Structures are given as C-alpha cells and as structure tokens.
Amino acid sequence: MALAFDEYGRQFIILREQGQKSRLRGLDAQKSNISAGKAVARILRTSLGPKGMDKMLQSPDGDVTITNDGATILEQMDVDNQIAKLMVELSRSQDYEIGDGTTGVVVLAGGLLEQAEKLLERGIHPIRVAEGYEMASRIAAEHLEKISQKFEFSASNIEPLVQTCMTTLSSKIVNRCKRSLAEIAVKAVLAVADLERKDVNLDLIKVEGKVGGKLEDTELVYGIIVDKDMSHPQMPKVIEDAKIAILTCPFEPPKPKTKHKVDIDTVEKFNTLRLQEQKYFDDMVQKCKDVGATLVICQWGFDDEANHLLMNRNLPAVRWVGGVELELIAIATGGRIVPRFQELTPEKLGKAGLVREKAFGTTKDRMLYIEHCANSRAVTIFIRGGNKMMIEETKRSIHDALCVARNHIRNNSIVYGGGSAEISCSIAVEAAADKHPGVEQYAIRAFADALDSVPMALAENSGLQPIETLSAVKSQQVKENNPHYGIDCNDVGTNDMQEQNVFETLIGKQQQIFLATQVVKMILKIDDVISPADY
C-alpha cells in the first residue's frame, strides 16, 4: 500500500491488485480452530450447574445483562473468530430445539475438542477421529435410552413435571423460590397444552414483568395482562361479564387522503362543524353500544372529545394496545378483531368474566387484567422483581422451565441429572471401545473421557476436588451398577440423584450429545483457513 499526491496536492492511496491473504493449513489450522472452540467453552464452563457463576455483559449502547443462560451469554458476546461463531450457533440451536442445556452442550463440545487435539498430536487422521466420535455418540444415545425412566404425569398429578422444572431453575439466580416458579411454569404449560396430541403452543403463554415488589409476588393469571389503563380516569375500574369489542380502526373522524382547506368565517359554521364531528362520534359510540359491547379495546388512539363522550355514555375504553396483545386478547376472549365499524356484530365480541385495573405501589403504574375468559387457553405469567436485570433473568429462567415442561409432555422419559447420565454414558462408551478394532477405538475412548468434562465442571464449580469426586462417583457407579449416582453439588449428603430429585429430559440430553458431536466433526474436517488481509 502506498500514499501518493496528485497535482493539487490531494492524497490518494495506491492499493495493490489483491490484498495479502493469510493462510493456515494442515495441523496448524486444526489446532488454531480447536483452541478457539476451547476458549468459548472455557468461558461458559464456570456457569454450569447450581453453583455456577453469572456473567455480566455490557452492550455497545450501555445496556447491562446479567445472566447464567449459555445461549444468552454467547448471543451477547461479540465473537469475531469463525469457529467461535460455530459454538454460538451450537448453543442457539440447542436453545431453539430444547430450550435448556445450552451451557452443557458447549462444555461438552469443548471437552470433545480438547480430547481430539491430543489424538491429532499422536498423528491420528482427523477423519478417523470424527468417525470414531460419530460411533461413540450413537452408543451414548442408545445407552441414555436404556437408563432413562418413564415419568408418568396427569393433569391432576403434576409433581413429576414440577420436579423436572425445579432442576432447571436450580442453576439460575431465582433458585431461592424455584418451587413456586416451577409450579407456575407447569400450570401455565398445562393450561395451553393439548395432551392428546402431546403438543404445546408456547406463544399462548405471555411473560410480562414489572419492576417492584419481590420475586415471591410472581403470579400466574388465567387471562391476559395489558400494560395499559382505562383511557379516562373516571371510567369504572372493574367490569364483570365484559363483552369486549376489539377494534383496529381509529376512533376519530375520517381524514381525507388529499389536502383540503376548510374556510370558517362565522361562528355558525364552526358550530355546524363541531356538531358534525360530535354526531360522527355519537354514531360510533352508539354502534358499539348497540351490539352490546361493555368495553372497547382499540389499537389506535382517540382524541379528548371522543374520550369525554365515551365517558358520558358509560362505555369504558382502552387505547394504544399493541397488535400482538390484541391477537392474544382475541384468542383468550374468543372475539374477532374488527377492522371497520360497519362490520361490528354481536358475534364478533369477546367475552371475559372479569376485567379489572390494578395499581402498583405508590407510582401511577396501572395494568389491565382480563380474566375468566371464554377460552382459557391463553395465560400470562406476571413477574415482579427488585430491578430490571432481575426481571429479564427471571424471564429467561421461566422460558427454560416452560421449554422443559413442554419437552416432558412431548416425551416423558427422563434421565437423572448432576452429571450422573454423562458418567454412566462414559462408562458404557469406554466398554464399547474394546469391541472396535482399528484406530477408531482411540477416538471412542477419547469421547468417553470428554463426557467426563461435564461432571468435572459441576464438581469444580461446587468447590469440590474435581478429579477425586469424579473418580469416587465413577467407581461407585461401576461397583453398584447404578446409573443414578452423580455429583452432589448442593452438599445434601447423598450422591444418589434419585433421592435428590434431580431430573433432566431424555431428549434434551440426547440432543446435547448429537449437536456437540456434529459441530466437533465439522471443526475437525477443516484443514485450511484462508482469511483476507487486515488493513
């Protein structure tokens, strides 16, 4: 690159035809890729398990996020390296598919990469390592099915679901009231679940938060909460057996699309105009009253005159309600969204047993509760907390718990947590390695060692001696042939996860193993990295 001047003394830069590309190939490329993947895994390693630490991330515009959720940490981190981006994608896909286990999947991938590095240094071909890993992941997934247990639940007996959700919540900030939050999550999921089809639509569960109060005040509302209040302070605050008109048309006189000027030169003309407008409003309000509506929810605003008229005619109204909330209200109350006043009919009204306005604290904050709806399949979880970060983190934790409950309804097999499933798989994979002749058996053994990285991280984060604890639990599993022994993170005094009630869903665990193996295979197959020059 050179700097030159033209005849006017202005600088210009002469660039060579092509920038110098940097290139890494062979073992160097693999090692640099592996170390990038390991670096990401190392960051998340400390936030695994009930005693895991939280990370504080500051975005460029100064927003602070404090979180323990693997997917959120990686989303917010500004990652440049391409391989590290793969790890971010890995935890995101675990989050989309399962919703829980986003930290564990990255820790497992980091362990697999670490073991692969040792094998590559011994001169084993990366493709053989990748194939060995693939075999081992199948063995592990089959073994998980063997040690899994069916966990029956019904609408009346929700205890199994609550226990599984509590395991998820125990690693979050909110673990002091995990029991109540787990119950809220399970009740919300069961309210919207279709148990015959084993399907849950999580879009019907709305999670709202409001700063103030304490975490214990979090409640489940069988209905919708809208962060709005009645448009006029003198409108009734409680409406029973409400018939709701849901409108997306503005409550004001129509404005002509083209520009017009109205010349008013006498008081009479002004009065005529005012009366005309008032009559227009009167007709609108009358239309709503004629079809029997006792509450109007409007997507747009209305001016003060309309507000005053609505107040006089005893027709309570709410304005500026967002589109998503309108849809949820329509689903919950069984109403139809009406785009034009002419189309308003009694059949299109939604029905709710109780609509009330609730004020919070000393502030003027009010929210509208729409409860006892005709179709109770839309619920709201309303979170309270000391500060905004706490509420955001609780929302993420509740999302994880909802996903776990949904997975449990889809497939009610569970494995035991606390690293017990990983240790058991590790023993099974180790035993299976001897049956494979050839180089792959080294890779299968390495996979067994990598599985130990999860219980090892759990022990480390809990302040136990990692190697000592892990080998003690492993020998206990082998001796008693019981796959329920795991790491006792909470110092309960027993290693048996069945007694501690620590469960994880089977599909979540299998997904972790498959996803981590796929990503590691992908990273191992890259042997040439060509990157553009940095100016």
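Note that the structure is a prediction, hence the values are computed from the model and not measured.
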> Does a side chain donor of either S170 or K178 reach within less than 3.5 Å of an acceptor in the other side chain?
Replying inline: no
> In Å and rounded to the nearest 0.5 Å, what is the SG to CH2 distance from C298 to W320?
Replying inline: 8.5 Å
> Is it the case that Y416 and Q149 place a side-chain donor and acceptor less than 3.5 Å from each other?
Replying inline: yes
> Going by the side chain to side chain donor-acceptor pair (under 3.5 Å) test, which pairs reach into residues 82-98, not counting sequence neighbours?
Replying inline: E75-R92, E89-R92
>> Please determine whether salt bridge (charged side-chain N to carboxylate O under 4.0 Å, His left out) holds for the pair R176 and E216, giving the CA-CA distance in whole Å, both sets of side-chain angles, and the decisive distance to 0.1 Å.
In response: CA-CA 9 Å; R176 64 193 172 88; E216 284 81 356; 2.8 Å; yes
> Closest heavy-atom contact between L57 and T72?
Replying inline: CD1-O, 4.4 Å
> Is the closest side-chain heavy-atom distance between H484 and S420 below 4.5 Å?
Replying inline: no
>> Tell me the closest heavy-atom pair linking T218 and R384, and the distance in Å.
In response: OG1-N, 3.6 Å
>> Please evaluate residues E422 and K509 with respect to the criterion side chain to side chain contact (heavy atoms under 4.5 Å, CB included), reporting the C-alpha separation (whole Å), side-chain torsions for both, the decisive distance (0.1 Å), and the verdict.
In response: CA-CA 9 Å; E422 280 89 351; K509 266 281 171 275; 3.0 Å; yes
>> Donor-acceptor pair, distance only, cut-off 3.5 Å: does the side chain of D63 make one with the backbone of S59?
In response: no
> Which atom names give the shortest non-hydrogen contact between M87 and A109, and what distance separates them?
Replying inline: CE-CB, 3.8 Å
> Can V40 and L86 be said to form a side chain to side chain contact (heavy atoms under 4.5 Å, CB included), step by step?
Replying inline: CA-CA 10 Å; V40 174; L86 278 180; over 6 Å; no
> Is T380 reaching over with its side chain to a backbone N or O of G223, donor-acceptor style, under 3.5 angstrom?
Replying inline: yes
> So does K279 have more than 12 non-hydrogen atoms from other groups sitting under 6.0 Å from NZ?
Replying inline: no
>> Before you tell me yes or no, could you show the steps for T46 and K55 under side-chain hydrogen bond (donor to acceptor under 3.5 Å, both in side chains), namely the whole-Å CA-CA distance, both residues' side-chain angles and the distance that decides it to 0.1 Å?
In response: CA-CA 9 Å; T46 51; K55 307 278 180 258; 2.6 Å; yes
> Just by modelled atom types, is the D229 backbone N or O under 3.5 Å from a matching donor or acceptor in the R366 side chain?
Replying inline: no
> Are any side-chain N or O atoms of N201 and backbone N or O atoms of V192, one a donor and one an acceptor, separated by less than 3.5 Å?
Replying inline: no
> Where do K243 and T294 land on the side-chain hydrogen bond (donor to acceptor under 3.5 Å, both in side chains) test, with the steps shown first?
Replying inline: CA-CA 5 Å; K243 297 209 169 39; T294 54; over 6 Å; no
>> Determine whether a donor-acceptor pair (N or O, by modelled atom type, separation under 3.5 Å) exists between the side chain of T333 and the backbone of I329.
In response: yes
> Is the shortest side-chain N to carboxylate O distance from D227 to K210 below 4.0 Å?
Replying inline: yes
> Does E183 pair with R179 as a salt bridge, N-O distance under 4.0 Å?
Replying inline: yes
> Would you find more than 12 non-hydrogen atoms of other residues, nucleotides or ligands less than 6.0 Å from H232 atom NE2?
Replying inline: yes
>> Consider side-chain hydrogen bond (donor to acceptor under 3.5 Å, both in side chains). Of D400, D54, T103, which one does N68 pass it with?
In response: D54
> Is there a side-chain contact between H372 and Y222, using heavy atoms and a 4.5 Å cut-off?
Replying inline: no
>> Could you check whether any side-chain N or O of K289 sits under 3.5 Å from a backbone N or O of R313, counting only pairs where one atom can act as donor and the other as acceptor?
In response: yes
>> Taking I225's backbone N and O only, do any of them form a donor-acceptor pair with K206's side chain (distance below 3.5 Å, no angle check)?
In response: yes
> How many angstroms lie between OG1 in T248 and CG in L326, if you round to the nearest 0.5 Å?
Replying inline: 7.5 Å
> Is there a donor-acceptor pair closer than 3.5 Å between any side-chain N or O of K237 and the backbone N or O of P233?
Replying inline: yes
> Can you tell me if CG on N312 sees more than 12 non-hydrogen neighbours from other groups inside 6.0 Å?
Replying inline: yes
>> Please determine whether side chain to side chain contact (heavy atoms under 4.5 Å, CB included) holds for the pair M235 and N307, giving the CA-CA distance in whole Å, both sets of side-chain angles, and the decisive distance to 0.1 Å.
In response: CA-CA 10 Å; M235 286 179 179; N307 211 354; 3.8 Å; yes
> For the atom pair CD (Q512) and CG (L90), what is the distance rounded to the nearest 0.5 Å?
Replying inline: 9.5 Å
> Does any non-hydrogen side-chain atom of I246 lie less than 4.5 Å from one of V338?
Replying inline: no
> Heavy atoms, side chains only, cut-off 4.5 Å: are L368 and M230 in contact?
Replying inline: yes
> Just by distance, do the side chain of E371 and the backbone of G353 share a donor-acceptor pair under 3.5 Å?
Replying inline: no
>> Any heavy-atom pair between the side chains of L202 and R406 that's under 4.5 Å?
In response: yes
>> Counting only heavy atoms from other residues, nucleotides and ligands, does the tally under 6.0 Å from CE of M522 exceed 12?
In response: no
> Going from CG on L220 to NZ on K187, what distance comes out if it is rounded to the nearest 0.5 angstrom?
Replying inline: 7.5 Å
>> Going by side-chain contact (heavy atoms from CB on, under 4.5 Å), L451 matches just one of L108, L112, I423. Which one?
In response: L108
>> Looking at R319, is its backbone amide N or carbonyl O close enough to the side chain of W300 to form a donor-acceptor pair, meaning the two atoms are under 3.5 Å apart?
In response: no
> Any idea which heavy atoms bring A378 and L328 closest together, and the distance?
Replying inline: CB-O, 4.4 Å
> Nearest heavy-atom pair of V355 and A242: which atoms, and what distance?
Replying inline: CG2-CB, 3.7 Å
> Do other residues, nucleotides or ligands put more than 12 heavy atoms under 6.0 Å from the CZ atom of R336?
Replying inline: no
> Tell me, do E504 and T164 make a side-chain contact under 4.5 Å, heavy atoms counted?
Replying inline: no
>> For the CD atom on E240, are there more than 12 heavy atoms of other groups (residues, nucleotides or ligands in this structure) within a distance under 6.0 Å?
In response: no
>> Just verifying a value: how many Å separate L215 CG and T394 OG1, rounded to the nearest 0.5 Å?
In response: 5.0 Å
> Are D290 and Q286 close enough that a side-chain donor and a side-chain acceptor fall under 3.5 Å?
Replying inline: yes
> Does the pair I244 and I370 meet the rule for a side chain to side chain contact (heavy atoms under 4.5 Å, CB included), with working shown?
Replying inline: CA-CA 10 Å; I244 303 172; I370 302 175; 4.2 Å; yes
> Can you find a pair of side-chain heavy atoms, one from V296 and one from V318, that are under 4.5 Å apart?
Replying inline: no
> Taking all atoms of both residues into account, what is the closest heavy-atom pair of G418 and M497, and its distance?
Replying inline: CA-SD, 4.0 Å
>> When you compare the side chain of T102 with that of I73, does any pair of heavy atoms fall below 4.5 Å?
In response: no
> How far does CD of E145 sit from CD1 of I507, to the nearest 0.5 angstrom?
Replying inline: 11.0 Å
>> Classify the ring geometry of F382 against Y369: parallel below 30°, tilted from 30° to 60°, perpendicular beyond 60°.
In response: perpendicular
